[in-house]
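One structure below.
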Amino acid sequence: MNSRERTLAVLNYRPYDRLPVVHFGFWNELLDKWAAEGHLTPEESKAWSDGNAVDAVLSARLGFDFNWSQALGWQTRLFPPIEKKIIEERPDGSRLVLNEDGGTVIEKKGIVSIPTEVNHLLKGRKEWEEIFKPRLQFDSRRFTQAEVTIDGVCKRFDAGGRELLLGERQQSYGLYCGGLLGVIRDWLGLVGMSYLMADDESLFDEIIETVAELSYQGVKTILETGARFDFAHFWEDIAYKNGPLVNP
């Protein structure tokens, strides 16, 4: 069985020879270390990203069947994103940065984990209406400009990528559907989101509805092109229960 046949068999409860071995990407620092040790080239280390052609080469070399992010990663967030800019260079070498989600974070040289968040543009109705909501409307460019990488071949969706999804392939390939509360958390911050639930529930509900509608319209339109996918991936990094909590 090839990787795609194996994955489809598992997902459809059919007989399979073995479970697929799937990974979730690599730390760039680890790839640099492997390159220094001669296990891969420096060019491969620098060119790698989730689901691209180099990722497929490294996956095969390490014995993986595929990367879970081997999927059409269309633009499900702010479009266009907030312009990233440096707010302050600090004496200790760190810097205060406004990121693409409208969050103000502390970036430190050599630190690759999630940076400390100190502020957020989105605080209430005014910022939502003026900055965020206009960037969360569906536009076909969100997916037509996305890249499709299948069996080592990479093409933009509107420049041959759709045709790759129509043909036969050895590797399984998915459709990224977006995220919900985890995305909103990135815009508001955990504290800001927690307060908004209590202070302006109608706005919080509207934000949820807007993000959900964008995901729905995007997935619907992509599927209507005839593109074929083997699985769908919806990302979530936090959970929310609307309504009062009650003991069972």
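Residue numbers run from 1 in the order of the sequence given. Because the structure is a prediction, the values reported are computed rather than measured.
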ILVMFWY cluster, [X] and [Y] together (side-chain gap under 4.5 Å):
X    : Y    : value
L30  : L58  : yes
L164 : L175 : yes
V21  : M1   : no
L98  : V118 : yes
L180 : M197 : yes

Any side-chain heavy-atom pair from [X] and [Y] closer than 4.5 angstrom?
X    : Y    : answer
I207 : F132 : no
W74  : T144 : no
F138 : F143 : yes
K46  : N28  : no
R77  : V183 : yes
S172 : F66  : yes

Using distance only, find each side-chain donor-acceptor pair of residues 103-115 under 3.5 Å and give its atom names and separation, not counting sequence neighbours.
| from | atom 1 | to | atom 2 | distance (Å) |
| --- | --- | --- | --- | --- |
| E107 | OE1 | R95 | NE | 3.2 |
| E107 | OE1 | R95 | NH2 | 3.3 |
| E107 | OE2 | K84 | NZ | 3.4 |

[Y] backbone acceptor or donor facing [X] side chain under 3.5 Å:
X    : Y    : value
R162 : F157 : no
D65  : P20  : no
R156 : E147 : no
T225 : I222 : yes
E163 : L165 : no
D200 : L203 : yes
E201 : A198 : no
Q171 : S3   : no
E127 : G124 : yes
N12  : L8   : yes

Using a strict threshold of under 4.0 Å (side-chain N to carboxylate O), is an ion pair present between [Y] and [X]?
X    : Y    : answer
D92  : R90  : no
E5   : R14  : no
R141 : D158 : no
K33  : E29  : no
K133 : E206 : yes
R185 : D101 : no

Practice problem: Check the pair S49 / N52 against side-chain hydrogen bond (donor to acceptor under 3.5 Å, both in side chains), numbers first and verdict last. | Solution: CA-CA 6 Å; S49 67; N52 71 0; 3.2 Å; yes

Run the side chain to side chain contact (heavy atoms under 4.5 Å, CB included) test on I131 and L122 for me, step by step, so that the C-alpha distance in whole Å, both residues' side-chain angles and the decisive distance to 0.1 Å come before the verdict.
CA-CA 8 Å; I131 302 173; L122 182 54; over 6 Å; no

Apply side chain to side chain contact (heavy atoms under 4.5 Å, CB included) to the pair V211 and W187, showing each step before the final yes or no.
-> CA-CA 12 Å; V211 175; W187 301 332; 3.7 Å; yes

query: Where do L181 and E236 land on the side chain to side chain contact (heavy atoms under 4.5 Å, CB included) test, with the steps shown first?
result: CA-CA 7 Å; L181 268 294; E236 191 49 81; 3.6 Å; yes

Report task. With F231 as reference, evaluate Y176, Y173, W68 under the ring-ring contact (aromatic ring centres under 6.0 Å, His included) test and give the passing residue. Result ->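 When ring-ring contact (aromatic ring centres under 6.0 Å, His included) is applied between F231 and each of Y176, Y173, W68, only W68 qualifies.
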
With sequence neighbours excluded, residues passing side-chain contact (heavy atoms from CB on, under 4.5 Å) with H23: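 If we apply the side-chain contact (heavy atoms from CB on, under 4.5 Å) test to H23, skipping adjacent residues, the hits are F26, D55, S59, F64, N67.
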
Counting only heavy atoms not in [X], do more than 12 sit closer than 6.0 Å to its [atom1] atom?
X    : atom1 : result
E224 : CD    : yes
F79  : CZ    : yes
E83  : CD    : no

